[in-house]
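Okay, structure first, notes after.
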Amino acid sequence: MQSKTRTANIDYVLISIIILLAIISVFSLYTIQPYLNDTYYIKQMVWYIVGAIVIGVIMLIDYDRLRQVSWILYGFGMIMLILLHFHLPPGIAKEAGGAWGWFEFPVLGTLQPAEFMKVFLIIALAHLIIMHNDKFKEHMNKSDSWLLVKVLIVALPPMGLIALQPDLGGFLVLGAIVFCMVLVSGIRWRVIFSLMIVALITIAALIFIYITFPEPVDDLISDTPFEHVESRFTGWLDTEVNGQSGGYQLIRAMLAIGSGQLSGKGIGEFEVSNIPERHTDMIFTSIAEQFGFIGSSILITLLFLLVYRLIHIALQSNDPFGSYLITGFIGMFTYQIFQNIGMTIKLLPITGLPLPFISYGGSSTLTYLIAIGIVLNIHYRTKVFMFDS
């Protein structure tokens, strides 16, 4: 085995990428401060400092111990989501934008359990897959199907509770996490393809029903928590017609991004105003307007390098549990990056998802840094063998 010093095991490349993203986040929030009613850039710095301390604590503990508390963390996350579903405790459970998704505390501020549930679910699924594969050494149709059933049993309850908040964005992120972890779980491709075909047929059937019978579907959705989802979907399909309702935010976002052109208008120079959620879901529009295509490309390149580095560490890890954990984080980050930027340029419908490490958000930023802390822990404890098979 090749000997490596402890400091050599620290992934300084990944740390450097996170520091650069943190600088971009705080600076971007500072430049749009005149349009906000709060000093979000200072709060974001505080959350990054708290996250750095949490990463330091995580590095002191062997990540394999997460297997011992995986179901405890999962159960804790489920309890928080159940409490929110019933709007409990009174005065602490908070509704915002029509969704019951936050706890509000006097000193800590607001916390969003759905964000932490992403990490809890990844840990639980990684442990579940390891336990199953240790029991069933050979992958057969029966064992693969049973693993898929167990994954769904674990994943569907939090996904359902988050969807009922309603939080479509959080629901889709958990779906992306589950999909990525299933891909690397060892389940044979014929089983995965069969599942994908069923899913595609279901989605196609739902779209066909909506297009064929729009009015009955509208009446049905109007009496459910998912009414805002339909508004965003129709605003995405026909932005001009729905410009004063579901398409308003999308129109303002595209105007801001387009006005930035090649090099942008300059620091603090904004022409397009009244963009809802400019500091959270729509922060990419502020960056594109100020720094144009060049600045946006630099940011996207950094986010690409982040995902690439995670893939590199996952492949380098010789522990399946560590690889499964990182795969879940890759699914989480990749989907959120693609969805957040894609929705601002009308590539995808608008959903309430922040841009990782850039958008303001205490719970989300802390969740991302916890994930990075676990990845750094995995890399730190990965042993490199001279004759590795």
F27/Y41 aromatic ring centres below 6.0 Å = no
Residue pair Q336 / Y368, side-chain donor-acceptor N/O under 3.5 Å | yes
From F120 CZ over to L66 CG, what is the distance, rounded to the nearest 0.5 angstrom?
-> 10.5 Å
Mark yes or no for whether T212, through its side chain, and I209, through its backbone, hold a donor-acceptor pair below 3.5 Å.
-> no
Pairwise distance CZ(F284) to CD1(I345) - rounded to 0.5 angstrom = 7.0 Å
Let me have the donor-acceptor pairs involving side chains of residues 322-329, under 3.5 Å, with sequence neighbours excluded, atom names and distances please.
unit_1: S323; atom_1: OG; unit_2: A314; atom_2: O; d: 3.1
unit_1: S323; atom_1: OG; unit_2: D319; atom_2: O; d: 3.4
unit_1: Y324; atom_1: OH; unit_2: N133; atom_2: ND2; d: 3.4
unit_1: T327; atom_1: OG1; unit_2: S323; atom_2: O; d: 2.7

Side chains of I283 and Y360: closer than 4.5 Å at any heavy-atom pair?
-> no
Closest non-hydrogen atoms of V54 and L366, given as atom of the first, atom of the second and distance, are CG2-CD1, 4.0 Å
Determine whether the side chains of T110 and E104 contain a donor N or O and an acceptor N or O closer than 3.5 Å.
-> no
Would you say the side-chain atoms of N141 and R188 include a donor-acceptor pair closer than 3.5 Å?
-> yes
Q112 side chain to S364 side chain, donor-acceptor N/O pair below 3.5 angstrom | no
With no hydrogens and no angle check, do the side chains of Q33 and T39 hold a donor and an acceptor under 3.5 Å apart?
-> no
Can you name the closest pair of heavy atoms from V272 and E289 and give their distance?
-> N-OE2, 3.0 Å
Residues T367 and K118: side-chain donor-acceptor under 3.5 angstrom | no
Would you say S70's side chain and R67's backbone share a donor-acceptor pair under 3.5 angstrom?
-> yes
Cationic tip of R381 above Y63 ring, under 6.0 Å, 45° of axis | no
Side-chain donor-acceptor contact under 3.5 Å, E277 with T280 | yes
What do the steps show when you test T31 against Q290 for side-chain hydrogen bond (donor to acceptor under 3.5 Å, both in side chains), and what is the final call?
-> CA-CA 9 Å; T31 60; Q290 292 181 92; 3.0 Å; yes
